[in-house]
Structure formats: structure tokens, C-alpha cells
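Read the structure below first, then the notes.
Nothing here was measured: the structure is a model prediction, and the numbers come from that model. Residue numbers begin at 1 in each chain, while the letters A, B, ... track the order of the sequences. Both backbone and side-chain heavy atoms feed into the values below; hydrogens, waters and symmetry mates do not.
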Protein chains: 2
Amino acid sequence: MNARDTFKQLPHKTIERLSQYRRALLICLDNNKDHIFSHEIAKIQHITPVQVRRDLMLIGYSGTLRKGYNIQELIDLIADIIDSEVGINVGIVGMGNLGRALINYFSGKRHKLSIAAGFDVNPDKIGRTVNGIPCYECKTMKEIIQEKNIEIGIITVPATQTTSVAKKLVESGIKGILNYTPKPVEVPEGVYLEEYDMITTLEKVAFYVKMENERTADMARLRQDQGTAASDF
Amino acid sequence: MNARDTFKQLPHKTIERLSQYRRALLICLDNNKDHIFSHEIAKIQHITPVQVRRDLMLIGYSGTLRKGYNIQELIDLIADIIDSEVGINVGIVGMGNLGRALINYFSGKRHKLSIAAGFDVNPDKIGRTVNGIPCYECKTMKEIIQEKNIEIGIITVPATQTTSVAKKLVESGIKGILNYTPKPVEVPEGVYLEEYDMITTLEKVAFYVKMENERTADMARLRQDQGTAASDF
DNA sequence: TTGCAACTGTTATTAAATTAACAACTAAAA
DNA sequence: TTTTAGTTGTTAATTTAATAACAGTTGCAA
Ligand SMILES: NC(=O)c1ccc[n+]([C@@H]2O[C@H](COP(=O)([O-])OP(=O)(O)OC[C@H]3O[C@@H](n4cnc5c(N)ncnc54)[C@H](O)[C@@H]3O)[C@@H](O)[C@H]2O)c1
Ligand SMILES: NC(=O)c1ccc[n+]([C@@H]2O[C@H](COP(=O)([O-])OP(=O)(O)OC[C@H]3O[C@@H](n4cnc5c(N)ncnc54)[C@H](O)[C@@H]3O)[C@@H](O)[C@H]2O)c1
């Protein structure tokens, strides 16, 4: 089995972590470090050193004993695995608050991923640029997507528009969709879909905060009871 | 073991899905449906009906045979589990594009989770409101957080500021942090942390799009080869 | 009124992901 | 030179998550 086939079988979670490792490594490079230990990466990512070493084993990277991993080498290897050789173009549909925030954030961050176009229906936005990215009329989506070879679409329109926008993206030949609206979309086989809703994350945090609050309250009550019991002596 | 203790042991993934189920159910309610089948929920969430039934089993909810689950009942039960009885207040640090987008999105969406304050250092933003949420000076963070009983902090400042903002939040007694900046933060024991970086998600989509592209290319090549072989006869 | 199809609820099984265990090696300290 | 502490890389074990299997129930159609 060649290297490419090995990479195909990497666990989904490892793919996510590789992206995160690279992000952390890039920060470390800036602080002109050249090597890093598994436990250092682990600490940054809130995972265990073993997890890090296991992931690196899976991608076939070896560090130096007692010296750690060469940061630049590791960055390059991760790029070999997760980046596409030719680069991938991305389009954003919905140039509102979130769409613009995303453009600002992504711009120039990753060599092999470039936002090539924005789309909107609001005449005030069409024809203008955000951070150098032109905003096109939604009607021309199909032509622009094919012309600019855009393969990934990010949806940031009002939830009522999500379904129709997703349909249009698929018709335009998009290969992957990243949906940031709270309305789930359906895609045909062969189109890769990720959805993310910030409310879910916030509710999860809230749930565990609530649990912790209750645990603390229980413990306080327990201490109180014990105090009472002790005073019975 | 009482109900509350059962809920404490729910798998993390189930917690996330419960939040998503509720979101989907709320949409269904709007379309004045009153019952829903496991396979309908499953389709919306891109998971299997079995997974849905299993999650509902874990929270002890029973549907009606051949009729499905009562949407309102299920919404209420999910609320009992993941919402906090008294409600939880949230603060957002960094009222830029992303911070404002989040406020607009969250506002009024969830009864038991309310954004109570924004914080910024930019004098132009301090003292103003976004969607009714006041923006305070960062210096007053501790007082405001304690005064308004804010338990969760969302970080949306420039990455260079992440560490110091997180430190300040912890010092102010926050219980949970949701970090949307690409700089990982460290929190002490007892503070629940979630981090989300949109680049990771986008890179993941890009990776699987690339894989699919290569698979398609391989298949095309294979067909080509077979064609050639066949013509040898 | 019998049989079939459509669901639910639960247990069993499998798969994925994480964690533990530990051998092998190295640099520096004793 | 020998020991010790620190670190990698890998296999094994465990835990968590997802899927499959299936019994049981209901309503409807034949
Ligand atoms: N704002 C957030 O933080 C946040 C978080 C999660 C999800 N969301 C969701 O993201 C979406 C966008 O949020 P926002 O705050 O940027 O909203 P927004 O109103 O600022 O932006 C929406 C943009 O989409 C455009 N639009 C409307 N219909 C369109 C169509 N059919 N085709 C193309 N463009 C269209 C509008 O002209 C507008 O520019 C919403 O669905 C929101 O629920 C937002
Ligand atoms: N924009 C996105 O879509 C996106 C996505 C993921 C992550 N992020 C990250 O989220 C952060 C915010 O993005 P944005 O587009 O809203 O940026 P932005 O520049 O529009 O907003 C940042 C805000 O933080 C304020 N600020 C600066 N220092 C502060 C401090 N010490 N305390 C409090 N407030 C402070 C600024 O005054 C500004 O209002 C960035 O770190 C960005 O990388 C953004």
C-alpha cells in the first residue's frame, strides 16, 4: 500500500487533529523554536502525549529521541497529507456578518485554500469586494463556480434560504459544503458535508457548567450534613 | 440512581445530539406537526434511526408505536436535561464581526441562555448596544460578570489577546469558556472549555474533497486502462 | 380475523477512538 | 563509566460510540 492509500485510511479524528497540530506548530515556529516534544503539543491541544505520538505514528513521522519533532518537517508533512497539491478554491454564499467575518479570518491563512468568490442577493453588496474577494450576484453562481473552479461552498445565508442555496451549490458542481446555518441540508452522494451550529456548542458548555454547579452544590450540602453529624458527638 | 444522576452519565455525543434534535424539533413544530418518527429525525441529522432511538432510550423517553414521538413532549424533556433550571448568563469578549454575528444569532433563540453583556477595549464600541446587549469596558469585566452572574464567556478577540482575555475571565469566576479564536487557551480544573476553529473544519472538508477527487481520477484511469486492454483483443 | 408492514425499544455485536504499558534508546548526571 | 531520567514508537487493552439484530406491538389491508 502506498503512502496515499495509507492517508486515505486515517481516522477522521486524526485528520482534525493534524489540522490543529499544524496550527499550533505554526505558532511555535514564530517563536523561533525548531523542535517540540509530544507533551508540548499535547498540552496546547488539551490531549495526551500518547495521542499525539500515535497520530504521528499513523502518518509515519519519526522524531528524534530526547529532542522531539522537527517543527518545520512536521508542518511540511501535514501539508503533504491534508493539503491538495493544486490548491482548492472556496466560495461563500451570504456576505453578511458571518460571511464577512469568515473572509477576514481565512484570507491568506492557508496557502492551498483560497476564497475565490462571495455571493449575495443584496444589490448593495454585489459588485463590491471584502478583503479583496469579489461579491457576485447569486444568479451567476453556476458560471462563476465553474469558471473559477470552486470546489467548496460555505453557506452563511439566513436559515430560510439554506435549502435553496445548497441546491444551487450542488447543481453548480460543488464537491464539499460547509453549512454554518442552523437549518440542516441534504446533499447527494459524492458531496461531502459538514455542519456546525454554534448553539449546540454553547448548549454543551452550558450543560457541563450546570453539572459542575450541581456537583459543587451537592458537595457543599454533604459537608454541611457531615458538619451537623460531627457536632452530634 | 435518580434521573439527574442518569443524565450526568449521558455520553458527550448524546448531549450534542440532544441539542441538535431540539433544534430540528423546533423547526418541525413550526410546520404544525405534532409527532415525528425516528427515521425523520435521523434524516434531518444525517444519522441512523437506531442512533436516535438509542439516544431517546438513554433519556428514558418513549414514543407511541406507529405514531412516533410527541414533538412538544420531547422538546420539553430535552430542555429538562440540558437546560439549567435557573438559566445561565453568557458574556462575549470582543465585539468585532464575529462577536456581533454571534449576538445577532443567539438573541432570543434559547430561553435559558441569555447573552447578558459584551466587552471590548475599543472606545467606539464601549457604551453602545448590539441587539440590545450593552458593551462594557474590559476593565470592568470582573465586576460586571459577578454583578450579572455571568457563568460562560465566549472569546472573539484577535488571537494575540486570547490568552490575557481567558486569564481575566477565569479570574472573574467564569465556569465555562467557548473560544472561537485560533489560539488555544489553558484553563484551571473546574472550568469547562470548548474551542472551535473554522479552519480545522474547512481543512477537513478540503481533505475529503481531495480524497474524492483522487478516487474519481483513479477510477477514470482504471476505465481507461481497461478500455485499452479490451482493444488489445 | 389473519397476516403483513411499519415502528419502537432493547440487547448484542462491531467498530472507532483513546489510553495504558512498555521496550528501546539517549543525553546528561553521578 | 555507570546510572538515571526523559522521550519515542509500538503493541495491547480499554473505553466509548455506532450499528445490527430482533422481539414486541399496532394498525391496516386482504
Ligand atoms: N451570526 C452567527 O454567529 C451565526 C452563527 C451561527 C449561524 N449563523 C447563521 O448564519 C447565517 C448568517 O448569519 P449573519 O449574521 O451573517 O446574517 P446576515 O443577515 O448578516 O447575513 C446574511 C446575508 O445573506 C444574504 N442573503 C440572503 N438571502 C440570500 C440568498 N438566497 N442567496 C445569497 N445570499 C443571500 C443577505 O443579503 C445577507 O447579506 C444565519 O443563518 C445565521 O443563523 C450565524
Ligand atoms: N471572523 C471569523 O469568522 C473567525 C472565525 C474563527 C475565528 N475567528 C477569530 O475570532 C476573532 C475575532 O474575529 P473578528 O473577525 O470578529 O475580528 P474583529 O477585529 O472584527 O473583532 C475583534 C474585536 O475585539 C476587540 N478587542 C481587541 N482586543 C481586545 C481585548 N483585549 N479585550 C476585549 N476586546 C478586544 C476589538 O476592539 C474588536 O472589536 C479573531 O481572533 C479571529 O481570528 C474569527
Once you round it to whole Å, what is the distance between [atom2] of [N] and [atom1] of [X]?
{"X": "B:Lys13", "N": "C:dA15", "atom1": "NZ", "atom2": "C1'", "answer": "13 Å"}
{"X": "B:Gln51", "N": "C:dT13", "atom1": "CD", "atom2": "P", "answer": "19 Å"}
{"X": "B:Leu10", "N": "D:dA17", "atom1": "CG", "atom2": "P", "answer": "11 Å"}
{"X": "B:His46", "N": "D:dT19", "atom1": "NE2", "atom2": "P", "answer": "14 Å"}
{"X": "B:Glu16", "N": "D:dT16", "atom1": "CD", "atom2": "P", "answer": "16 Å"}
{"X": "A:Phe37", "N": "C:dT26", "atom1": "CZ", "atom2": "P", "answer": "15 Å"}
{"X": "B:His39", "N": "C:dA6", "atom1": "NE2", "atom2": "P", "answer": "10 Å"}

Between [options], which one does the side chain of [X] approach most closely?
{"X": "A:Thr48", "options": "C:dT19, D:dG9, C:dA17", "result": "C:dT19"}
{"X": "B:His12", "options": "D:dA17, D:dA18, C:dT19", "result": "D:dA17"}
{"X": "A:Val50", "options": "C:dT8, D:dT10, D:dT7", "result": "D:dT10"}

Main-chain N/O of [Y] paired with [X] side-chain donor or acceptor, under 3.5 Å:
{"X": "A:Ser107", "Y": "A:Asn104", "value": "no"}
{"X": "B:Thr200", "Y": "A:Glu16", "value": "no"}
{"X": "B:His46", "Y": "A:Val185", "value": "yes"}

Q.
If the test is side-chain hydrogen bond (donor to acceptor under 3.5 Å, both in side chains), which one of A:Lys112, A:Arg23, A:Arg22, A:Gln20 qualifies with B:Glu203?
A.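 One option only clears the test, and that one is A:Arg22.
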Q | Side-chain heavy atoms of A:Phe106 within contact of A:Leu113, under 4.5 Å | A |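 Counting from C-beta outward, A:Phe106 and A:Leu113 never come under 4.5 Å.
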Q) Quick one: are A:Ile199 and B:Tyr105 in side-chain contact, heavy atoms under 4.5 Å? A)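 Side-chain contact under 4.5 Å: yes.
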Kindly list each side-chain donor-acceptor pair under 3.5 angstrom involving residues 165-175 of chain B, sequence neighbours excluded, with atom names and distances?
{"from": "B:Ser172", "atom 1": "OG", "to": "B:Lys168", "atom 2": "O", "distance (Å)": "2.7"}
{"from": "B:Lys175", "atom 1": "NZ", "to": "A:Asn213", "atom 2": "OD1", "distance (Å)": "3.1"}
{"from": "B:Lys175", "atom 1": "NZ", "to": "B:Glu151", "atom 2": "OE2", "distance (Å)": "3.3"}

Q. Counting only non-hydrogen atoms, which of residues 186-206 of chain A are less than 4.0 Å from DNA chain D?
A. none
(Q) Using a strict heavy-atom distance below 4.0 Å, which residues from residues 52-67 of chain A are in contact with DNA chain C? (A)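 DNA chain C contact set from residues 52-67 of chain A: A:Arg54, A:Leu65, A:Arg66.
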Q: Could you check whether B:Thr14 gets within reach of a base, just the sugar-phosphate, or nothing at all, counting any heavy atom under 4.0 Å?
A: nothing
Q: Would you give the length of the straight line joining atom OG of A:Ser19 to atom CG of A:Asp83, rounded to the nearest 0.5 angstrom?
A: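 One gets 9.0 Å once the value is rounded to the nearest 0.5 Å.
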Q | Between CD1 on residue A:Ile15 and CD1 on residue A:Ile78, distance to nearest 0.5 Å | A | 10.0 Å
